[in-house]
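Index from 1, following the sequence.
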Amino acid sequence: MTAGTAGSPVAGVLAPGGDPGPVGVLAHGVGERADLPIPLFYAYAGAFAALVVSFLALGLLWADSRFRGDLAGRVIPVRLPARPARVLALLAAVHTLGWLAVGPDTENAGPYLVYVLFWVGLVPASLLLGPVWRALNPFRLLPNRPRRPYPPGLGYWPAAAGLLAFTWMELVAPEPAAPLTLLAFLTLYGAAQLAGTLVYGHAWLERGDPFEVYSTLIGHLSPLGRRADGRRVLRNPFDGLDAVEPAPGLVATVCVLLGSTGYDGFSSAPAWVDALQSGPLGRTGLGTLGLLAAVAGVAVLYAACLGAAGLIGGTRGLAARFAHSLLPIAVGYLIAHYFSLLVIEGRHTVALALGLDAEPDLNAVAPATIATVQVLAIVLGHVAGVVAAHDRSVRLLPPARAVAGQIPLFVLMVCYTVGGLTLLLAA
């Protein structure tokens, strides 16, 4: 397969009897290191130059905060009814569950619909249209009658746990594409959302539904959004990013996204594959530790750099206030890892779901295009993170320390960039 390697979250899954499972051909990545059209040295050099130039330019030319968060935007006089869209999403969910429950063992559309069309497709959909899963979420058809207020201290922690559970299933579970695996996860997910909504109303979905939170956080980078008064607007994506409200669990949620994509890239390294196959803990045990270590590593590095920034800037409690600057980095990683998967398997997924006979077009995108998109996604995501962090720094830190306080943040961006490019291009 010239467009990718077996680094997919569902690659290599085998059905009973040893035949390729329903998603055994899914893959993403740019192939082996020797096939890359972009030499690793030039990728590093270009990324480092982009970060240095943006950091210096911002420090010299950007002295005051310019982003206005949810106060910015030009009003769009459009109001779309949400209920019909949610009913259609509910029917699509039932259709997917039907495939998983009674579909064939081979060429089952269910895993494709979950992993390709839903999980991967939410990224471009949310970037273009805003928080689309909020508009489509079938659980919002339930009446909004909370029995008690949503606890402020709970914040995004339920969403962080749900996203970690989903990425564990995707990257670590013994049979991630098996219908029974997906049915078990979706049953637990549905039960949690139903219970949470019945107790806390729709406020639960805003912070506790992992997929609504996933889509909403990515949607902050969309040119389409809402102002504080609830009106739909066309806005600068940086204003949308600036509108992310600090809350408990926000840092953990973003670190799960960053750490899981990092582990995804590392999991295809030959040394790690050998360890998974021969280690005393077994594939699932060692994979679980690896995923948790990747998320913890991202979080520890972030906390250390933000702690240093706070010491230099003379300001405490910066971690949650700068979490928004990690979102473009996480989106860059998601695009880099899943771009080829969506392009190659998207059409195939739709055809399978409709009962049509269609093979994935493995030549739909060239390796050079994949490599270019991957490098640009990571570099531009980090540059956007630098811009968001700088604007927040000049707003929160004393003017005399604003630039110096950003040095640990710049180091953080460099570490994430080098790590991301290494996992993508050298693993």
Side-chain angles (χ1 to χ4, degrees), residues 62 64-93 117-146 149-150 156 159 193 197 200-247 250 253 323-325 327-328 330-332 334-335 342 346 350 377 380-381 384-385 387-388 391-392 395:
W62 197 310
D64 299 308
S65 177
R66 302 182 183 184
F67 303 142
R68 299 171 53 216
D70 58 8
L71 300 177
R74 178 178 299 177
V75 175
I76 302 173
V78 175
R79 185 175 182 85
L80 300 176
R83 188 173 183 83
R86 289 168 183 158
V87 171
L88 290 176
L90 178 60
L91 294 176
L117 211 59
F118 178 64
W119 175 246
V120 179
L122 269 181
V123 177
S126 301
L127 279 176
L128 292 174
L129 303 174
V132 292
W133 192 240
R134 179 188 175 93
L136 297 175
N137 195 340
F139 290 102
R140 286 189 174 270
L141 293 170
L142 295 171
N144 186 19
R145 299 171 184 168
Y150 186 80
Y156 288 102
Q193 303 319 304
T197 304
Y200 300 116
H202 291 182
W204 165 268
L205 299 174
E206 293 177 4
R207 298 292 176 89
D209 184 335
F211 302 117
E212 181 164 320
V213 168
Y214 174 70
S215 174
T216 300
L217 290 178
I218 295 173
H220 276 284
L221 285 164
S222 170
L224 300 175
R226 290 182 183 270
R227 287 197 316 211
D229 58 11
R231 303 177 74 180
R232 296 180 183 274
V233 294
L234 185 66
R235 66 187 179 189
N236 180 347
F238 282 106
D239 284 317
L241 189 60
D242 190 62
V244 176
E245 296 182 4
L250 176 61
T253 302
H324 73 299
S325 66
L327 280 176
V331 170
L334 288 168
I335 292 173
L342 183 61
V350 174
L380 293 178
V387 173
D391 188 85
R392 187 62 58 89
R395 183 188 305 170

Nearest heavy-atom neighbours spanning Arg207 and Ala159 = O-CB, 3.3 Å
Test salt bridge (charged side-chain N to carboxylate O under 4.0 Å, His left out) on Arg392 and Asp242 and set out the steps.
-> CA-CA 8 Å; Arg392 187 62 58 89; Asp242 190 62; 2.9 Å; yes
Test item: Val75 and Arg227 side chains (from C-beta on) under 4.5 Å apart, heavy atoms | yes
Compare all side-chain heavy atoms of Leu127 with those of Ile335 and state whether any distance is below 4.5 angstrom.
-> yes
Any side-chain heavy atom of Asp239 within less than 4.5 Å of one from Val233?
-> no
Report yes or no: does Asp391 contribute a side-chain atom to a donor-acceptor pair with the main-chain N or O of Arg66 at less than 3.5 Å?
-> yes
Using a cut-off of 6.0 Å, state whether more than 12 heavy atoms not belonging to Arg231 lie near its atom CZ.
-> no
Run the numbers on Leu224 and Arg232 for side chain to side chain contact (heavy atoms under 4.5 Å, CB included), then give the verdict.
-> CA-CA 7 Å; Leu224 300 175; Arg232 296 180 183 274; over 6 Å; no
Side-chain donor or acceptor of Thr216 paired with backbone N/O of Pro131 under 3.5 Å = no
Does any non-hydrogen side-chain atom of Phe211 lie less than 4.5 Å from one of Leu136?
-> no
Got a donor-acceptor contact below 3.5 angstrom from the Asp70 side chain to the Ala243 backbone?
-> no
Quick one: CG on Leu128 to CG on Leu221, what's the gap to the nearest 0.5 Å?
-> 11.5 Å
Identify the heavy atoms of Tyr150 and Gly208 that sit nearest to each other, and give their distance.
-> OH-N, 4.4 Å
Are His202 and Thr197 side-chain neighbours, meaning at least one heavy-atom pair lies under 4.5 Å?
-> yes
Looking only at heavy atoms, which two atoms of Ile218 and Val123 are closest? And how far apart?
-> CG2-O, 3.9 Å
Check Pro328 against Ala384 and note the closest heavy-atom contact, atom names and distance.
-> CB-CB, 3.7 Å
Expected output: side-chain His324 to main-chain Pro246 donor-acceptor under 3.5 Å | no
Nearest heavy atoms of Asn137 and Glu212, plus distance in Å | ND2-OE1, 2.9 Å
Going from CZ on Arg235 to CD1 on Ile76, what distance comes out if it is rounded to the nearest 0.5 angstrom?
-> 10.0 Å
Can we call the ring centroids of Trp133 and Phe139 under 6.0 Å apart?
-> no
Can you check whether Arg134 reaches Ser126 side chain to side chain, under 4.5 Å on heavy atoms?
-> no
Is the CG atom of Asp229 crowded by more than 12 outside heavy atoms at less than 6.0 Å?
-> yes
Between Ser222 and Gly130, which heavy-atom pair has the shortest distance, and what is it?
-> OG-N, 3.2 Å
Take Val387 and Trp62 through the side chain to side chain contact (heavy atoms under 4.5 Å, CB included) test and state the conclusion after the steps.
-> CA-CA 10 Å; Val387 173; Trp62 197 310; 4.1 Å; yes
